[in-house]
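Residue numbers start from 1 in every chain, and the chains themselves are labelled A, B, ... in the order their sequence lines are given, proteins ahead of strands.
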Amino acid sequence: MTTSSKDAMRYSQLLIPTLKEVPAEAIVVSHQLLFRAGFIRKLAAGIYNLLPLALRTVHKIERIIREELGRAGAQELLMPAVQPSELWEESGRWQKYGAELLRFQDRKGAWFCLGPTHEEVITDLVKREVRSYRQLPLNLYQIQSKFRDEIRPRFGLMRGREFLMKDAYSFDATAEGAHKSYHQMYNAYRRIFERCGLDFRAVEADTGNIGGSLSHEFQVLAESGEDEILSCDHCTYAANVEKAELKAREVTAGEPTHAVEKVSTPGQKTIAEVAAFLKAAPSALAKTLLFKADDKIVVVVLRGDHEVNLPKLKALLGGVEPVLASDEVVSKITGAPPGYAGPVGLAGVEVVADNALAGATDLIVGANEADTHLRHVAVGRDFTPSKFADLRLARPGDRCPRCEEGKYVTHRGIEVGHVFYLGTKYSVAMNARFLDDKGEEKPFEMGCYGIGVTRTMAAAIEQNHDADGIKWPIGIAPYHAMVVPLQMKDAKVVETAEKIQADLTAAGLESVLDDREERPGIKFKDADLLGFPFRIVIGQKGLAGGTVELKRRGSAEVLNLSPQDAVAHIQKAVAAELQKSA
RNA sequence: CGGGGCGUAGCGCAGCCUGGUAGCGCACUCGGUUCGGGACCGAGGAGUCGGAGGUUCAAAUCCUCUCGCCCCGACCA
């Protein structure tokens, strides 16, 4: 623990512009509190100044990252924020990346971009400098500003355009080696977020556009999270809803008992309308959705009460992005207005069905005819999908796919980290090869690993706050303690406060002494708002009895202790926290 | 990009409909009284009313264009 003078400051000298009122634009608590507590100020949409307190927290998160990645064998380097277009043309992403890539020209007219990520640069570097399997494995990372010209920056630091990110890239000679690197990083990530004091889940994730076959997201649990995650209440399986698998149930295929029958359903288009009109449960209906995938039309049939999961469908289609077909296309294919599509009698298009429909009988489906549905439809008799697959969105209460007893429960999460096993996708595309032990040229096996540093700070607040302000976890608090002398005109009070701060510093603890000539109420309010883990109040009353007050932020309990005991108490608590990383 | 909303003092807002002196609260400065959970009294400083053009004797207010910001949808750390 360093004990530079910066770790013992006087409030009056620090730039901590706290605010009583919240700017209208701040919607989420982390944004509101970072703003009110004087941690950040906006410069432009999605672009923020990090004030001194915020930077201290950022430094603490960075330090934890550096220690844990170092322990995992990764090396830090620093790549440029400005990248030449040539590299992006080589990977094909100069065209593909879209408007999120901020491009500009230098004085000679050459094109550059502000790096939103660094796969190109790192792959280029490694392909030039690494030629032999003897130099592998290699894991390189940096902590650096990224710029993504987001369509819609929002929520302060949660989704900015410029943000601090730790990005790491692993290079291995074999797939097994790459999996080992992946798991090392996975474990390092667990330790990092534990040391940050966050309640998080590592969940299986969709690999999205980055590609690859293995991926986990690290999600900080918080009500305001943008992601929904499902976890088993019995075993350890957890996944982003986009990814959450479902067990294919064995079906006891009952024999169809009725012949298909047409029913008139004038004006009844939605599942809810048809179900109500025919006095049937939504689960007795099947919904038929038409998607365009490239130039092909794919028909997806699901149980009426289920929702389609697009990433699952995309995976089934071999990575082609499915887009819901337009009303015109639906009418053309089904011969009926939208709302009456059904799988029976559809010709010339591929029909896929969700596992839940395997062996289903007595379904109500659209008749491909205006104002008409069919009932008593049996899968296999009246229509036969080319495939059954897991295509629906999992819900809380659904059976866990990994164990017998468990059910899904739902949480909201903020994605603060993501690890990907990439395989050879980028190395093949960018022709990055090495010589293996048989003298054969092979593409690198790669992985990439990100942590949103500034987002982690915001997520910590989303998870740790109350009506009064922030409640920093000890590991990433800007300072450990606020020392609050109540009567600045009382020499004994001030002396005691100064002595306490000196003792804190000597004990390796970081503190701010609130030396402002303010009324106690203001000092208390600001201390709560800033959210340092401990507050020591020195007042005339307590001092008469030789005690000061120690309060843990967020706890109602106030301990009356001697100054020495108060310092010792904090030292013990902080040491216990640090123990977690040992 | 589609849909909705907002730009008036550092922050939160009123004024706009019905054109005519730019206002309130917080914050800030000075003086005084207060002093253990965002005190009170008095006196001050601070605003191109987002920008440009137009209508008018006169525009924060009406019209046109433009820029910026925020919220809801498809991306991502």
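- Between A:Y426 atom OH and A:S91 atom OG the span is 7.5 Å, to the nearest 0.5 Å.
- Stacking of the aromatic ring of A:F524 onto the base of B:G36 is not found under the criterion of centres within 5.5 Å and planes under 30°.
- A:E517 comes within 4.0 angstrom of no nucleic acid atom, judged by non-hydrogen atoms across all strands.
- Looking at heavy-atom distances under 4.0 Å, A:D528 makes contact with a base.
- A:L164 comes within 4.0 angstrom of no nucleic acid atom, judged by non-hydrogen atoms across all strands.
- Pairs engaging residues 542-557 of chain A under the salt bridge (Lys or Arg N to Asp or Glu O under 4.0 Å) rule: A:D466-A:R553 [sequence neighbours left out].
- A:V22 comes within 4.0 angstrom of sugar-phosphate atoms only, judged by non-hydrogen atoms across all strands, and of no base.
- Applying the 3.5 Å distance criterion, the base of B:G37 shares a donor-acceptor pair with the side chain of A:R535.
- A:K471 and A:D528 are not joined by a salt bridge, as no carboxylate oxygen comes within less than 4.0 angstrom of a charged side-chain nitrogen.
- For the pair A:A24 and A:I522, both in contact range of RNA chain B, the more 5′-proximal nearest nucleotide belongs to A:A24.
- The A:F155 side chain lies nearest to B:C71 when the options are B:A77, B:C71, B:A39.
- Taking side-chain N and O atoms only, A:K20 has a distance below 4.0 Å to OP1 or OP2 of B:A27.
- With a cut-off of 3.5 Å on both Watson-Crick or G-U wobble distances, the partner of B:G2 is given as B:C72.
- Nucleic acid contact class of A:K541 (heavy atoms, under 4.0 Å, all strands): base.
- Across all strands shown, B:C30 forms a Watson-Crick or G-U wobble pair, both distances under 3.5 Å, with B:G42.
- At whole-Å resolution of the value, NZ in A:K314 and C1' in B:A74 are 12 Å apart.
- At a threshold of 4.0 angstrom between heavy atoms, the contacts of A:E150 include nucleobase atoms, whether or not backbone atoms are also involved.
- Under the 30°/60° scheme for interplanar angles, the aromatic rings of A:F444 and A:F171 are found to stand perpendicular.
- Within residues 485-494 of chain A, the residues approached by RNA chain B to less than 4.0 Å at the level of any non-hydrogen atom are A:L486, A:Q487, in residue-number order.
- Counting non-hydrogen atoms under 4.0 angstrom, A:G46 reaches nothing in the nucleic acid.
- Among the heavy atoms of the strands, none lies under 4.0 Å from A:D468.
- For a distance-only test at 3.5 Å, the side chain of A:R36 fails to qualify as a donor-acceptor partner of the base of B:G12.
- Contact annotation: side chain of A:R154 to base of B:C69, donor-acceptor pair absent below 3.5 Å.
- Counting any heavy atom pair closer than 4.0 Å across all strands shown, A:G417 reaches sugar-phosphate atoms only and no base atom.
- Taking atom C1' on both nucleotides, B:A46 is separated from B:G25 by 16 Å, rounded to a whole Å.
- Residues meeting the salt bridge (charged side-chain N to carboxylate O under 4.0 Å, His left out) test with A:D199, sequence neighbours left out: A:R201.
- Taking every side-chain heavy atom of A:E21 into account, B:G12 is the closest of B:C75, B:A77, B:G12.
- When heavy atoms are screened at a 4.0 angstrom cut-off, A:R41 is found touching no nucleic acid atom at all.
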